[in-house]
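As structure tokens, the structure follows; a few thoughts come after it.
Values reported hereafter were calculated over all heavy atoms of this structure, with side chains retained and with hydrogens, waters and symmetry mates removed. Predicted, not measured: the structure shown is a model, and the values here were computed from it.
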Amino acid sequence: MPPETAPELVRGIESCRLCAPDFARTATAHKPRPVVWFRPGARILIAGQAPGLRVHEAGRPFWDASGRRLREWLGMSEDEFYDLTRVAVVPMAFCFPGYDAKGGDLPPPPRCAATWHGQVTEALGEMPLLLPVGGHAHRWHLGAKGGVTETVAGWRSHAPRFFPLPHPSWRNTGWLKRNPWFAAELLPVLRARVREVLDEG
């Protein structure tokens, strides 16, 4: 896809309402609001899960406590993270999926990735660093068959182009405590690679 067609793709995603009937049936009964944050030329792709409620309200990816933790993991400032010439954020679903009746996060609707991800990947082209965040992204981008712990623990087999990460949600604080190797071994290498890619750009 030529770069000049990318704005048209962004507008297409921003106007997408395919999941409106499903969202209307959730506990939140919200309307779609795609959060689109990518431009051709970016150096780093962060492939997350789906926007949470705060991101849905703000219209900016990782605009919450999870984003602060993720930026700390990457060693990136807020200005660097939100620089569209350097970082693209392409979740498995561009809209907040809503909560279930018990208040839990609903999974990313598969139709979003099926509809848009091929086109976005083509528009972005080859990128030197991809960071799949969470199990849905691990399966899509890496073809992962195991769970999140197994996939993240095998990060060396994917580096230096891919670094699978757990979701930076506060809900994973216990996971981080049970897996100290993540902070001790993976994060220093990841931060060095992030800096290398940004400096090359």
Side-chain angles (χ1 to χ4, degrees), residues 1-7 9-10 13 35-51 55 60-94 113 116-144 148-169 172 176 179-201:
M1 178 178 292
E4 60 268 19
T5 65
L9 175 59
V10 170
I13 298 172
V35 179
V36 185
W37 202 268
F38 68 85
R39 299 291 185 278
R43 306 276 298 159
I44 298 174
L45 173 62
I46 298 172
Q49 301 285 95
V55 171
R60 179 171 278 215
F62 287 104
W63 194 247
D64 52 16
S66 295
R68 289 192 293 274
R69 174 177 271 175
L70 179 59
R71 289 189 289 276
E72 180 183 344
W73 287 355
L74 303 179
M76 296 179 70
S77 69
E78 188 174 298
D79 286 344
E80 288 174 324
F81 188 88
Y82 290 111
D83 182 348
L84 279 163
T85 68
R86 309 174 94 181
V87 177
V89 181
V90 182
M92 297 310 300
F94 288 103
W116 297 114
H117 270 51
Q119 297 179 65
V120 174
T121 300
E122 185 180 358
L124 291 175
E126 190 82 4
M127 301 180 75
L129 181 57
L130 288 84
L131 308 176
V133 179
H136 292 280
H138 296 169
R139 290 188 287 275
W140 179 276
H141 289 277
L142 302 175
V148 169
T149 300
E150 179 183 349
T151 303
V152 177
W155 63 273
R156 290 180 179 84
S157 65
H158 303 289
R161 185 162 184 247
F162 294 89
F163 281 81
L165 302 174
H167 197 280
S169 167
N172 277 337
L176 296 171
N179 296 279
W181 52 265
F182 176 76
E185 300 173 21
L186 186 155
L187 289 187
V189 179
L190 173 60
R191 289 176 184 138
R193 179 60 180 153
V194 166
R195 191 53 43 193
E196 178 182 42
V197 170
L198 291 178
D199 289 347
E200 286 174 352

Between R191 and W73, is there a donor-acceptor pair closer than 3.5 Å when you use the side chain of the first and the backbone of the second? yes

Over all atoms of both residues, closest heavy-atom pair of A183 and P188: O-CD, 3.3 Å

Testing the basics here: between R195 and M76, what is the closest heavy-atom pair and its distance to 0.1 Å? NH2-CA, 4.4 Å

Between N179 (side chain only) and W181 (backbone N and O only), is there a donor and an acceptor less than 3.5 Å apart? no

Where the side chain of S169 meets the backbone of N172, is there a donor-acceptor pair that is under 3.5 Å apart? no

Residue pair E185 / W155: nearest heavy atoms and the distance that separates them: O-CZ2, 3.8 Å

Tightest non-hydrogen contact, residues V87 and E80, listed as CG2-O, 3.7 Å

So, using ring pair (Phe, Tyr, Trp, His ring centres under 6.0 Å) as the criterion, who are the partners of F38 when residues are at least two apart? none

Reported CG-to-CZ distance for the pair L186 and R156, which is rounded to 0.5 angstrom: 8.0 Å

Rounded to the nearest 0.5 Å, what's the gap from CG on D79 to CZ on R86? Could you check? 10.0 Å

So, for A93 and P51, which heavy atoms are closest and what is the spacing to 0.1 Å? O-CD, 3.1 Å

Return the minimal non-hydrogen interatomic distance between R71 and E78, and the atom names on each side. CD-CA, 3.9 Å

Parallel, tilted or perpendicular, judged at 30° and 60°: which one describes the rings of F81 and F62? perpendicular

For the CG atom of L84 and the CH2 atom of W37, what is their distance to the nearest 0.5 Å? 5.0 Å

What's the separation between atom CD in Q119 and atom NE2 in H117, rounded to the nearest 0.5 Å? 11.5 Å

Taking NZ, NE, NH1 and NH2 as the nitrogens, is one of them in R69 or E72 under 4.0 Å from a carboxylate oxygen of the other? no

Minimum side-chain heavy-atom gap L131-L70 below 4.5 Å: no

Between the side chain of Y82 and the main-chain N/O of S77, is any donor-acceptor distance below 3.5 Å? no

Verify side-chain contact (heavy atoms from CB on, under 4.5 Å) between I46 and L74, making sure each step is shown before the conclusion. CA-CA 11 Å; I46 298 172; L74 303 179; 4.0 Å; yes

For residues 159-166, please give each side-chain donor-acceptor pair under 3.5 Å, one per line with the distance, not counting sequence neighbours.
| unit_1 | atom_1 | unit_2 | atom_2 | d |
| --- | --- | --- | --- | --- |
| R161 | NE | M127 | O | 2.8 |
| R161 | NH2 | M127 | O | 3.1 |

Ring pair (Phe, Tyr, Trp, His ring centres under 6.0 Å) filter on W116, not counting sequence neighbours, yields none

Donor-acceptor contact below 3.5 Å, side chain H158 vs main chain V152: no

With rounding to the nearest 0.5 angstrom, report the CE to NE2 distance, M92 to H138. 11.0 Å

